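This structure is a prediction, so every number in the text was calculated from the model and none was measured. In what follows, every chain begins at residue 1, and chains take the letters A, B, ... in the order their sequences are listed.
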4 protein chains.
Amino acid sequence: MKKNKPKYMQIIDAAVVVIAENGYHSAQVSKIAKQAGVADGTIYLYFKNKEDILISLFQEKMGNFVEKIEEKIAGKDTAAEKLLMMVEAHFRMLSKDRHLAIVTQLELRQSNKDLRLKINEVLKGYLKVIDDILIEGKENGEFSSTLDIRLARQMIFGTMDETVTSWVMNEQKYDLTALSSSVHHLLLNGCKG
Amino acid sequence: MKKNKPKYMQIIDAAVVVIAENGYHSAQVSKIAKQAGVADGTIYLYFKNKEDILISLFQEKMGNFVEKIEEKIAGKDTAAEKLLMMVEAHFRMLSKDRHLAIVTQLELRQSNKDLRLKINEVLKGYLKVIDDILIEGKENGEFSSTLDIRLARQMIFGTMDETVTSWVMNEQKYDLTALSSSVHHLLLNGCKG
Amino acid sequence: MKKNKPKYMQIIDAAVVVIAENGYHSAQVSKIAKQAGVADGTIYLYFKNKEDILISLFQEKMGNFVEKIEEKIAGKDTAAEKLLMMVEAHFRMLSKDRHLAIVTQLELRQSNKDLRLKINEVLKGYLKVIDDILIEGKENGEFSSTLDIRLARQMIFGTMDETVTSWVMNEQKYDLTALSSSVHHLLLNGCKG
Amino acid sequence: MKKNKPKYMQIIDAAVVVIAENGYHSAQVSKIAKQAGVADGTIYLYFKNKEDILISLFQEKMGNFVEKIEEKIAGKDTAAEKLLMMVEAHFRMLSKDRHLAIVTQLELRQSNKDLRLKINEVLKGYLKVIDDILIEGKENGEFSSTLDIRLARQMIFGTMDETVTSWVMNEQKYDLTALSSSVHHLLLNGCKG
DNA sequence: AATGAATGAGTGTTCATTCAT
DNA sequence: GATGAATGAACACTCATTCAT
């Protein structure tokens, strides 16, 4: 499997650094190769093309993301608690990796529609986690019985995403994780009503 | 004034069509000129360069957007009603112009960071409208006295944006405006809590 | 006749200024029109095309040049004296019009081969003046009887031209006319030998 | 070293041919690439940009020029002999490479001021050779003790240059090298006086 | 497996010239 | 005669991908 080859992750990590520091449009394959310490041609032994690097990047980093969030919420009893854990984990993980935050919130959004559709495929795993929390909340009476799952999910994801993007665009000047509780409060009210 | 020169809007409208139908990266200046029925060089009598077309496009269309929303909410007495009017107007206007929806939700986001920063400048007018509603709601007791304006604004904008983007990505298959009331309900609860 | 129309010379003088200050390749027709205080299209009422402006410029200014030199040497008895008068007049006239010096020595040489061939046609009048001096000098024994007129003319013109070009390239920092006597001395020795 | 990469000289030689046959302004990069038998992009592996090709062309060809002239005059005892060797070598080398003669005498002079300034830098090596001959001649009494080195240099270079340019403009119809002796004679007289 | 030299398709912008008013 | 808005041809350079070694 690809992942077991050390150069695979080496190239993905190089891509994160190069894209974060140079921007999406200045992230040439040759720059990524140089950062990874391999020849240009070597990239193509591990990835089909440039787009494949970016999709793989997102898959590896977001797959990791979903796994960690699932761990965090596993032991919690209420949907409200799970929602809090999720917001906290989401904000904490992006806070910890400044390069990754820039890449996912700003740079990768400059990719074309095709790539973004594939990224959305990857995101579905995350949206599933949100949906599961919402369903649990509806079933156990924490959330409104009339709650529209899809809309609530869009509110939750849209709000977290907009919050992180604002933070990145403000050059990560303030503490993102400190906002978890307030954001959770807002979202919870939305779902309860 | 620029707007009085017919070719100015003619070129902007052509840009919307070309970008929506071909995608941001395939929207060559020559294609826009052809769609607008003018020579390539004529573009440069009205715009400094290609980026200027896109910024102007956003300014003209979003300026219009903010004006219309302000009209709609002008006569309303409560922040809740104003919020509803805004969500409805936002959804209705993008529903009516399918091309513009594609351009603002998907294609223009592929632009580089510089362009996006300028787009954000334009968006500030919109965010101001949201803030005014939130402040009014806090002052007259409709909304929680502890509501964080910035976060609430990010929730409102993030939710509407995510909802519209999902609708566009689903190829505008369902009625977006029909969601206004539910989205309004969600957001209102968020602000009240 | 063209010359009697005031705008004709107005445009030529504008061209000298624009070319001297902006360089040959930045001397767009629209800039010349603006400097001359006329509309772009008006240029084409007086000149066939852009090249025609430049040829006319050279004809008007160099025609003037040859006339003045002929006046200066008219009363002189010896070829040596005439040669001195010519060198002095050549240097003095270019010293007096800094813009024209830049245009003839640097900028107009960037024109294409066709234009330069036409400029050479104009120069023939000047070369004829030189030849006449040389012939007179050979006939009256001032110069060597074996003097090759063509080569001597190339030496005289080449030397004066190189001297003026060096002076222009040194940003006209020293007094060009002060060199007349030394240059004359050099050339005279060449012809006598 | 650049010169050891065969494609480097291959491209420069192609540029000489293309510029001589098509003229400076019609010498597109793609034409040079085609003539050199490489892809357009390959040009940019060896040269920074189009201007860099032209500067390098001049450096390679003129550097060679200066070296050869220095060899020729090395064994000569008098300044007069050295001057003759130089004129002969100058004429002979340009006679042998008709394309190069067209490029240096006509086409490259159409380049912009920046390029011409860089070309002048290269020429300084040649002017140094002339100056050394002049100084030697003054010191050993061959030339006038009052000879102005700078003016004499301008006469020598200006005369040779004008002679070659006339020859090129006359489509190289006569034997340039046959003029060496007469030109040398003229210049020598100039310096002696 | 790894290399890196070579490839070549693709596009924003300028500006001399025209012509309807 | 004078205008100036409109035209459209023309070209340097980048960079993802290949393939001989």
Side-chain angles (χ1 to χ4, degrees), chain A residues 5-8 10-11 25-34 36-54, chain B residues 5-8 10-11 25-34 36-54, chain C residues 5-8 10-11 25-34 36-54, chain D residues 5-8 10-11 25-34 36-54:
Chain A
K5 311 217 176 173
K7 295 201 175 165
Y8 175 80
Q10 201 171 319
I11 291 165
H25 284 111
S26 299
Q28 295 88 343
V29 171
S30 61
K31 242 180 220 165
I32 296 174
K34 198 174 182 185
V38 301
D40 294 16
T42 305
I43 300 269
Y44 292 87
L45 298 175
Y46 295 92
F47 300 91
K48 212 168 75 233
N49 51 34
K50 188 180 178 181
E51 193 180 55
D52 189 29
I53 306 176
L54 305 175
Chain B
K5 306 211 176 182
K7 299 210 170 158
Y8 176 78
Q10 200 172 321
I11 291 165
H25 285 111
S26 299
Q28 295 91 337
V29 171
S30 60
K31 247 181 217 164
I32 295 173
K34 200 173 178 184
V38 301
D40 292 17
T42 305
I43 300 269
Y44 292 87
L45 297 177
Y46 296 91
F47 301 92
K48 220 170 63 234
N49 50 34
K50 187 180 177 180
E51 192 181 54
D52 190 28
I53 306 175
L54 305 175
Chain C
K5 311 217 175 177
K7 295 201 175 164
Y8 176 79
Q10 201 171 318
I11 291 166
H25 285 111
S26 299
Q28 295 87 343
V29 171
S30 61
K31 243 181 218 163
I32 296 173
K34 199 174 180 184
V38 300
D40 293 16
T42 305
I43 300 267
Y44 292 87
L45 299 176
Y46 296 91
F47 300 91
K48 213 169 73 235
N49 51 33
K50 187 180 178 181
E51 193 179 55
D52 189 29
I53 306 175
L54 305 175
Chain D
K5 305 210 176 182
K7 299 211 169 156
Y8 175 79
Q10 199 172 321
I11 291 165
H25 285 111
S26 300
Q28 295 90 337
V29 171
S30 60
K31 247 181 216 164
I32 296 174
K34 199 172 179 185
V38 301
D40 292 17
T42 305
I43 299 268
Y44 294 88
L45 297 177
Y46 296 91
F47 301 91
K48 219 169 63 234
N49 49 36
K50 188 179 176 181
E51 191 180 56
D52 190 29
I53 305 175
L54 305 176

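- Here the shortest heavy-atom pairing between A:Gln28 and A:Lys50 reads CA-NZ, 4.4 Å.
- Listed candidates were E:dG4, E:dA5, F:dA6. Nearest to the side chain of D:Leu45 is E:dA5.
- The CZ atom of D:Phe47 sits 15 Å away from the P atom of F:dA12 (whole-angstrom rounding).
- With a 3.5 Å ceiling on both atom-pair distances, E:dA1 lacks any Watson-Crick or G-U wobble partner.
- If you find the closest nucleotide of DNA chain F to D:Gly41 and to C:Gly41, the one lying nearer the 5' end belongs to C:Gly41.
- The shortest heavy-atom contact between B:Ile11 and B:Ile32 is O-CG2, 3.9 Å.
- Nearest heavy atom pair, residue B:Val29 against residue B:Tyr44, reads CG2-OH, 3.8 Å.
- Here the P atom of nucleotide E:dG8 and the NZ atom of D:Lys34 are 12 Å apart, to the nearest Å.
- Sequence order on DNA chain E of the closest nucleotides to D:Gly37 and B:Lys48 puts D:Gly37 first from the 5' end.
- Comparing atom distances between the D:Tyr44 side chain and each of F:dC13, F:dA16, E:dA6 picks out F:dC13 as nearest.
- Using a 4.0 Å heavy-atom criterion, one finds that C:Lys31 contacts no nucleic acid atom at all.
- Shown here, F:dA12 forms a base pair with E:dT11; the pair counts as Watson-Crick or G-U wobble because both key distances fall under 3.5 Å.
- Residue A:Ser30 places none of its side-chain N or O atoms closer than 4.0 Å to OP1 or OP2 of F:dC15.
- Regarding D:Leu54, its CG atom lies at a distance of 13 Å from the C1' atom of F:dA12, rounded to whole Å.
- Using a 4.5 Å heavy-atom cutoff, the side chains of C:Tyr46 and C:Asp52 are not in contact.
- Taking all atoms of both residues into account, the shortest heavy-atom contact from A:Asp40 to A:Ser30 is OD2-CB, 3.4 Å.
- Nucleotide E:dG12 holds its P atom 9 Å from the CD1 atom of B:Ile53, rounded to whole Å.
- Atom OH in C:Tyr46 sits roughly 7 Å away from atom C1' in F:dG1 (whole-Å rounding).
- Ranked by how close their nearest DNA chain E nucleotide is to the 5' end, B:Glu51 and D:Thr42 are led by D:Thr42.
- Side-chain proximity of B:Val38 to F:dA2, E:dA1, F:dT7: nearest is F:dT7.
- In this structure, the nucleotide among F:dA6, E:dT3, F:dA12 sitting nearest to the side chain of D:Lys50 is F:dA12.
- Comparing D:Ser26 and B:Asp40 by the nucleotide of DNA chain F whose heavy atom lies nearest to each, the residue mapping closer to the 5' end is B:Asp40.
- For the OP1/OP2 pair of F:dA6 and a distance below 4.0 Å, the side-chain nitrogens and oxygens of B:Lys7 include at least one atom meeting the criterion.
- With values rounded to the nearest 0.5 angstrom, B:Lys7 atom NZ is found 8.5 Å from B:Leu45 atom CG.
- Residue B:Val29 is in base contact, counting any heavy-atom pair closer than 4.0 Å across all strands shown.
- Using the Watson-Crick or G-U wobble rule with both distances under 3.5 Å, E:dA20 pairs with F:dT3.
- In this structure, C:Ile43 atom CD1 and F:dG1 atom P are separated by 14 Å, rounded to whole Å.
- Across the protein-nucleic acid pair, D:Asn49 atom CG and F:dT14 atom C1' stand 13 Å apart, rounded to whole Å.
- Protein atom CG of A:Asp52 is 14 Å distant from nucleotide atom P of F:dA16, rounded to whole Å.
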